[in-house]
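Here the structure is laid out as structure tokens; the discussion comes afterwards.
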Amino acid sequence: MRSFKGQRRGGRTRLSFSAVLGLTLSLTLFACAREKDAAAAPKESAPSTAVPAATDASTSADPAPPPAFNSARAMEYVKEIVAFGPRPIGSANHKKVEDYIHAHLKGDQVEDDAFTIDASEGKFPVRNIIAKYPGMRDGIIVIASHYDTNYPLRDTNYVGANDGASSSALLLEIANQLRGKKLDGYSVWLLWDDAEEAIKLPWTDTNSVYGVRHLAQKWQDDGTIKNIKAFILEDMIGDADLNIERDENSTPWLEDLIYQAATRLGYQSHFFARTNQIEDDHKPFMQRGIPSADLIDLEYGYNNVFWHTTQDTVDKLSPKSLEIVGMVTLETVQMLDKK
Ligand SMILES: [Zn+2]
């Protein structure tokens, strides 16, 4: 992904936000292509302004128990994915992760969206993996994570513990929670999407999010997209110091709902203290009018120093962060079901 926001280092001038808090420039960062906003853009805590705080009434109105989530098991998944090593598209390790995900979905309704991209660096096989958990209500909630690691770093020891592995593991644990249950609300489709990373810098609209761009078009063509009620993206959600950003490229009401879900669970202090503007796997769905939210923490180490470096390792992560994001995601699904 990449983000547009002021930051301390790196980046290029890309967008001008004249009115935003007196900032006249914003810098581009290529984060998963992105970057981080660090100390610059101190856009005051979103919760007090953009986010309607959950009221006591709304907090107590939900009699449903909090969702379950096994954080220790999720953390084991992170470690197992990381143990494969670098997992860029086209690599043998990438294929191992595909097999690993499939092995964990045995018996589930799984569909692959496999195709080939012809990029500047060559042709690559790309595979999106979708696990479907049917609900009683007409409509689909998609929860997504990319599982490839950064291609330009393919010849280093870069393992993407947070960037790719944490969110992919999170989805595997969410699958455990959904499996075999009768879902009263919408169907939930978990999407391990591929080739999110730019193959070669710079990140552009046509050199990024290859997997999701293909799938969104496919679902548009076959009519599936009309049934998608929300697209929730997870990216870099394992940082022990968890601070999920509010994203100006996401759907405000869906982010408000996520904040309410976090508040119900007592986790609101980890959400939306900072605001960013992020391009990520949710973009192809946003462009098609699907309510979408990117749950991402771009303060991965001071000034995002660990992002897209060989320091993106498991020791920076915490099972508690996986639990916070996993539970808030599942609580958000429950709230969407009641909307
Ligand atoms: Zn990345």
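One-based numbering along the sequence shown. Order of listing sets the numbers, starting from 1, for every ligand and every atom in it.
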For this session: Return yes when atom NZ of K218 has more than 12 non-hydrogen atoms of other residues, nucleotides or ligands closer than 6.0 Å, and no otherwise.
Result: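 Atom NZ in K218 is crowded, with more than 12 foreign heavy atoms closer than 6.0 Å.
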
For this session: Please find out if less than 6.0 Å separates the ring center of Y210 from that of F124.
Result: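 Y210 vs F124: aromatic centres not under 6.0 Å.
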
Exercise. How about Y259 and F271: are their ring centres within less than 6.0 Å of each other?
Worked result: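 Here the rings of F271 and Y259 have centres that are no less than 6.0 Å from each other.
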
For this session: Specify whether an N/O/S atom of H146 falls short of 2.8 Å from the Zn ion (ligand 1).
Result: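 Under 2.8 Å: H146 has no N, O or S contact with the Zn ion (ligand 1).
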
Exercise. Does the shortest distance from the Zn ion (ligand 1) to an N/O/S atom of D235 fall below 2.8 Å?
Worked result: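 Under 2.8 Å: D235 has no N, O or S contact with the Zn ion (ligand 1).
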
Exercise. In the hydrophobic cluster built from side-chain contacts under 4.5 Å, what are the other members alongside I225?
Worked result: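 I130, I140, V142, W189, L191, V212, L215, W219, I228, F231, L233, F285, I290, listed by chain and number.
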
For this session: Check all N, O or S atoms of E197 and name the one closest to the Zn ion (ligand 1).
Result: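 Per the distance ranking, E197 contributes OE2 as its closest N/O/S atom to the Zn ion (ligand 1).
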
Problem set entry | Atom of D163 closest to the Zn ion (ligand 1), considering N, O or S atoms |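 Relative to the Zn ion (ligand 1), the closest nitrogen, oxygen or sulfur of D163 carries the name OD2.
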
